[in-house]
2 protein chains.
Amino acid sequence: MPLKRRKSRVPPPMPACPLTECMALLGGAWTPNVIWYLNGEARRFSELRADIPRISAKVLSGRLRDLEDKGVVTRKVMATSPPSVEYALTALGRELVPAIQAIVDIGHRLKRRKAA
Amino acid sequence: MPLKRRKSRVPPPMPACPLTECMALLGGAWTPNVIWYLNGEARRFSELRADIPRISAKVLSGRLRDLEDKGVVTRKVMATSPPSVEYALTALGRELVPAIQAIVDIGHRLKRRKAA
DNA sequence: TTATGAGGTATCCGTCCGGTAACCGGAGAA
DNA sequence: TTCTCCGGTTACCGGACGGATACCTCATAA
């Protein structure tokens, strides 16, 4: 009883599917969290560390550099003492927020249900 | 001698953040793709491999096992010869689709813009 | 007889992540 | 003066994760 191969139901994903395209920006540990907490005003490195308690300084610093390279965040060094650094979303970064919002919404529902 | 800050003895309250809560289900390489291609009808292992050409068998089988453990997909062995296995989304899995849809939508916009 | 296909597992190896520690230059404390 | 702290970053190390390839079982097809 041979199985017939069912055709792919989905539009040709090939030369870089939209999911992959967007995940290239959202991928990497803690990336959605970083973008999420940058929504709204700019935020300093140590503020982000407080926002995301379980991220290590190394990973946060790496993530911010990656996101800067990809054009998702901007980095501005403030002439304070000691110098502090402010990060903010670019227009591209703000476009990613709705996707993270959708994830957060689902997370809220999951939590509410687990409480019951 | 000042009092040293005591380290919290219990692991930090993990599921505080809705984003983390939901990312626990979506995290891991290729996870959004797998859920995306399972939306709609059930799909077999080799069909998923064709849907997601760049995933390796090891990672796909690992992802499917993880998702089954988390209650996102079901696994059904069909009594064919050779036996085939069908995977499908659970109700929980279907709840995750809107978030992936949002990511896909943004990916479409990014691609369209890049073409220009 | 060999090949093929389904649904994986075994193995190797490179990259990523997390934790710790150190760094730097200036400001305040001892 | 010397100590220490502070914000941001980097170097080092060990472990987990992901990619590539090979292999396995069973049964039909060429």
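Naming convention: chains lettered A, B, ... in sequence-line order (proteins, then strands); numbering from 1 in each chain.
Side-chain atoms of A:V72 and A:I35, non-hydrogen and from C-beta on, do get closer than 4.5 Å to each other. In this structure the side chain of A:N33 never reaches within 4.5 angstrom of the side chain of A:I55, judged on heavy atoms. A:L38 places a side-chain heavy atom less than 4.5 Å from the side chain of A:Y87. With a 4.5 Å cut-off on side-chain heavy atoms, A:E47 and A:E41 do not count as touching. Side-chain contact check for B:L64 versus B:R75: every heavy-atom pair is 4.5 Å or farther apart.
Each of D:dT10, C:dA6, D:dG19 was ranked by its minimum atom distance to the side chain of B:S46; first place goes to C:dA6. Between C:dG7, C:dT9, D:dA20, one nucleotide has an atom nearer to the side chain of B:R44 than all others, and that is C:dG7. Taking every side-chain heavy atom of A:S56 into account, C:dG19 is the closest of C:dG7, C:dG19, D:dT10. Set against D:dG8, C:dG8, C:dA6, the side chain of A:F45 has D:dG8 as its closest nucleotide.
Rounded to an integer number of Å, the gap from B:R63 CZ to D:dA16 P is 15 Å. For the pair B:D51 CG and C:dA6 P, the computed distance is 13 Å after rounding to whole Å. Look at CG on A:D66: it is 15 Å from P on C:dT15, rounded to the nearest Å. Rounded to a whole Å, the CG atom of B:L64 is 11 Å from the P atom of C:dT9. Atom CD1 in A:I55 sits about 10 Å away from atom P in C:dG19, given to the nearest Å. The nearest whole Å value for the distance from the CE atom in A:M78 to the P atom in D:dG7 is 15 Å. As rounded to whole Å, 15 Å separates atom C1' of C:dG19 from atom CG of A:L60. The distance from atom CZ of B:R43 to atom C1' of C:dA6 is 15 Å, rounded to the nearest whole Å.
For the pair A:R54 and C:dC17, the criterion of a side-chain N or O lying under 4.0 Å from OP1 or OP2 is not met. Residue A:R65 places at least one side-chain N or O closer than 4.0 Å to OP1 or OP2 of D:dT10. Between A:W30 and C:dC17, a side-chain N or O to OP1/OP2 separation shorter than 4.0 Å is absent. One finds a side-chain N or O of B:Y87 lying less than 4.0 angstrom from the OP1 or OP2 phosphate oxygen of C:dG8.
Each of A:P83 and A:V59 was matched to the nucleotide of DNA chain C holding its nearest heavy atom; the match closer to the 5' end belongs to A:V59. Both A:A57 and A:G27 lie near DNA chain C, and the one whose nearest nucleotide falls closer to the 5' end is A:G27.
Between A:D105 and the options A:H108, A:R109, A:Q101, a side-chain hydrogen bond (donor to acceptor under 3.5 Å, both in side chains) holds for only A:Q101.
Contact annotation for B:G28: backbone-only contact, meaning every heavy-atom pair under 4.0 Å involves sugar-phosphate atoms and none involves a base. Residue contacts shown for A:R49 are absent, as no nucleic acid heavy atom lies under 4.0 Å away.
Side-chain atoms of B:K58 and base atoms of C:dG8 include no donor and acceptor less than 3.5 Å apart.
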